[in-house]
A.B. asks: 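Pasting a structure below so you can have a look.
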Protein chains: 2
Amino acid sequence: MSSALKIGDLARRTACPVESIRFYEREGLLPEPARTAGNYRSYGREHVERLSFIRNCRLLDMTLDEIRQLLHIRDNPRGDCVATHALLDEHITHVAARITELQRLERDLKGLRRACRTADVDAKCAILAELDGQTAVKSPGKSMPHVRGAHRR
Amino acid sequence: MSSALKIGDLARRTACPVESIRFYEREGLLPEPARTAGNYRSYGREHVERLSFIRNCRLLDMTLDEIRQLLHIRDNPRGDCVATHALLDEHITHVAARITELQRLERDLKGLRRACRTADVDAKCAILAELDGQTAVKSPGKSMPHVRGAHRR
DNA sequence: CAAAACCCTGTAGCCACTTCAAGGTCAAGC
DNA sequence: GCTTGACCTTGAAGTGGCTACAGGGTTTTG
C-alpha cells in the first residue's frame with residue numbers, strides 16, 4: 001500500500017506544519033492515527049483528505065469551531081446541505097462586515113495622515129495632537145461576532 | 001484640584017475597561033500612578049490624556065508595539081514628525097493589504113457557495129466536495145507583516 | 001454600622017498556533 | 001558495528017490584547 005505516511009510526509013503533502021497536525025489531533029479535528037513499533041504516528045489516504053479539508057477551511061479563515069461543525073456534517077452520510085449553506089453564508093457575512101470595518105478604518109487613518117504634511121523633524125506633529133483628542137476617532141459600532149482585527153501573522 | 005481619579009473614574013472618562021487600564025500599566029504604556037492611603041491608584045489629567053491617546057490608537061487597530069513607539073515619540077519634546085509619518089504610513093499599508101486579502105477571501109467564499117444551489121437535505125453537498133480537493137482554495141500569497149485574520153472579538 | 005460598591009493582587013482563559021526543551025527512533029555512511 | 005543527523009516523541013510555555021475570575025481589602029451609602 002502506498003499509504004503509510006509519517007507525520008512529516010503528511011505535513012509535506014498538505015503544506016501544513018507538523019506542529020499544527022499534532023494540534024489538530026489534540027483538538028479532536030483529526031483522529032488519533034495508528035502508531036508504528038517506534039511510536040511514530042502512521043497516516044493513510046483518509047488523513048490526507050481530512051487534513052486537506054481542514055487546511056482549505058483555514059485558508060478561508062474559518063474558525064476551528066466552524067470547521068468542527070463542517071467536519072461533523074461531512075462525517076455523517078448525506079451530510080446536511082442546508083446546514084452547510086447556513087454556516088458558509090454566516091461566515092461570508094462576517095467577512096463582508098470586517099471588510100466594511102477595515103475600509104472605514106483606512107479612511108480614518110488616511111484622514112489622520114493628512115493632518116500633518118510637513119517634513120520638519122523639529123515640529124510637534126499634528127497627528128499626535130489629533131490622537132490626543134476625544135474627537136479624533138469614531139468608535140466602530142457594535143461588536144462583530146467573530147471577525148478579527150487588522151493585524152496578523 | 002479636580003484631578004484625583006480612581007481607576008473607575010478614569011475608566012469612565014476614557015471608555016476603557018478597568019482591567020485594560022491595569023493591563024496597560026503592566027505593559028508599560030501607562031506609568032504607575034500614585035497610590036492613596038488605601039492603596040488605590042490615583043490618576044490625574046495627564047493619565048486621562050495618555051490613555052485617550054492609547055485608546056484612539058487601538059480604535060485605529062494599531063498594535064501595542066506601534067502605540068509604544070508613538071508614545072515614545074510623543075514623550076520626547078518635539079516628537080519626531082518623520083517617524084510618526086512612517087509608522088502611520090506603514091500601518092495604513094497593512095490595513096489596505098488586509099482589505100485586499102479579505103476581498104479575495106470573500107470572492108472565493110462566494111464562488112464556493114455557488115457550487116451548491118440545491119436545498120435538498122439528503123444530497124451530499126457539492127461544497128464539501130470542493131473543500132476536499134487540492135484546487136478548492138488558492139493560498140493567500142506571502143505572509144502579511146501584521147494584519148490579523150477575518151474573525152475577532 | 002452593615003451592605004453595597006468599589007478597589008487590590010494574582011491567576012487562568014481565549015484562539016490558533018509556534019517554539020522550545022529534553023529526549024527516543026531510524027536510515028545512511030564509514 | 002557505530003556514529004551522525006534527520007526525523008519523531010511528549011509536555012510546557014509563549015504570542016496579542018485583553019477578559020474573567022477568586023479571594024481578599026477599602027470606601028461610600030443608607
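Numbers restart at 1 for each chain; the letters A, B, ... are given by sequence-line order, proteins then strands.
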A.B. asks: Got a sec, which residues hit side-chain hydrogen bond (donor to acceptor under 3.5 Å, both in side chains) with A:Tyr24, two or more places apart in sequence or on another chain?
C.D. replies: A:Arg55
A.B. asks: Using the test salt bridge (Lys or Arg N to Asp or Glu O under 4.0 Å), find all partners of B:Glu19 that sit at least two apart in sequence or belong to another chain.
C.D. replies: none
A.B. asks: Check the distance between D:dA22's C1' and B:Glu19's CD and give it to me in whole angstrom.
C.D. replies: 14 Å
A.B. asks: Take atom CZ of B:Arg58 and atom C1' of D:dT19, then tell me their distance rounded to the nearest Å.
C.D. replies: 14 Å
A.B. asks: Could you check B:Arg55 against B:Thr36 and say which one's nearest nucleotide on DNA chain D is further toward the 5' end?
C.D. replies: B:Arg55
A.B. asks: Give the rounded distance in Å between these two atoms: CZ of B:Phe23 and P of C:dA12.
C.D. replies: 17 Å
A.B. asks: Can you measure B:Leu51 atom CG to D:dG17 atom P for me and round it to whole angstrom units?
C.D. replies: 16 Å
A.B. asks: Could you tell me how far apart A:Glu27 (CD) and C:dG13 (P) are, to the nearest whole angstrom?
C.D. replies: 14 Å
A.B. asks: Within the pair B:Ser20 and D:dT19, is there a side-chain N or O less than 4.0 Å away from OP1 or OP2?
C.D. replies: yes
A.B. asks: Hey, is B:Glu106 close enough to B:Lys110 for a salt bridge, meaning N to O under 4.0 Å?
C.D. replies: yes
A.B. asks: Check the distance between D:dG17's C1' and B:Glu66's CD and give it to me in whole angstrom.
C.D. replies: 13 Å
A.B. asks: Nearest whole angstrom, please: distance from the P of D:dT9 to the CG of A:Leu10.
C.D. replies: 11 Å
A.B. asks: So, using side-chain hydrogen bond (donor to acceptor under 3.5 Å, both in side chains) as the criterion, who are the partners of A:Glu25 when residues are at least two apart?
C.D. replies: A:Arg41
A.B. asks: Going by side-chain hydrogen bond (donor to acceptor under 3.5 Å, both in side chains), name the residues that satisfy it together with A:Lys6, two or more places apart in sequence or in a different chain.
C.D. replies: none
A.B. asks: At under 4.0 Å between heavy atoms, which parts of nucleotides 6-11 of chain C does protein reach? Answer with one letter per nucleotide, 5' to 3': B base, S sugar-phosphate only, - none.
C.D. replies: BSSB--
A.B. asks: What's the CE-P distance between A:Met62 and C:dC15, to the nearest Å?
C.D. replies: 17 Å
A.B. asks: Does A:Thr63 place a side-chain N or O at less than 4.0 Å from the phosphate oxygens OP1/OP2 of C:dC15?
C.D. replies: no
A.B. asks: Under 4.0 Å between a side-chain N/O of A:Tyr24 and OP1 or OP2 of C:dA16, yes or no?
C.D. replies: no
A.B. asks: Mind checking side-chain hydrogen bond (donor to acceptor under 3.5 Å, both in side chains) for A:Arg22 and listing every partner two or more places apart, or none if nothing turns up?
C.D. replies: none
A.B. asks: Looking at A:Arg45 and A:Glu49, is there a salt bridge between them, counting it only when a charged N and a carboxylate O are closer than 4.0 Å?
C.D. replies: yes
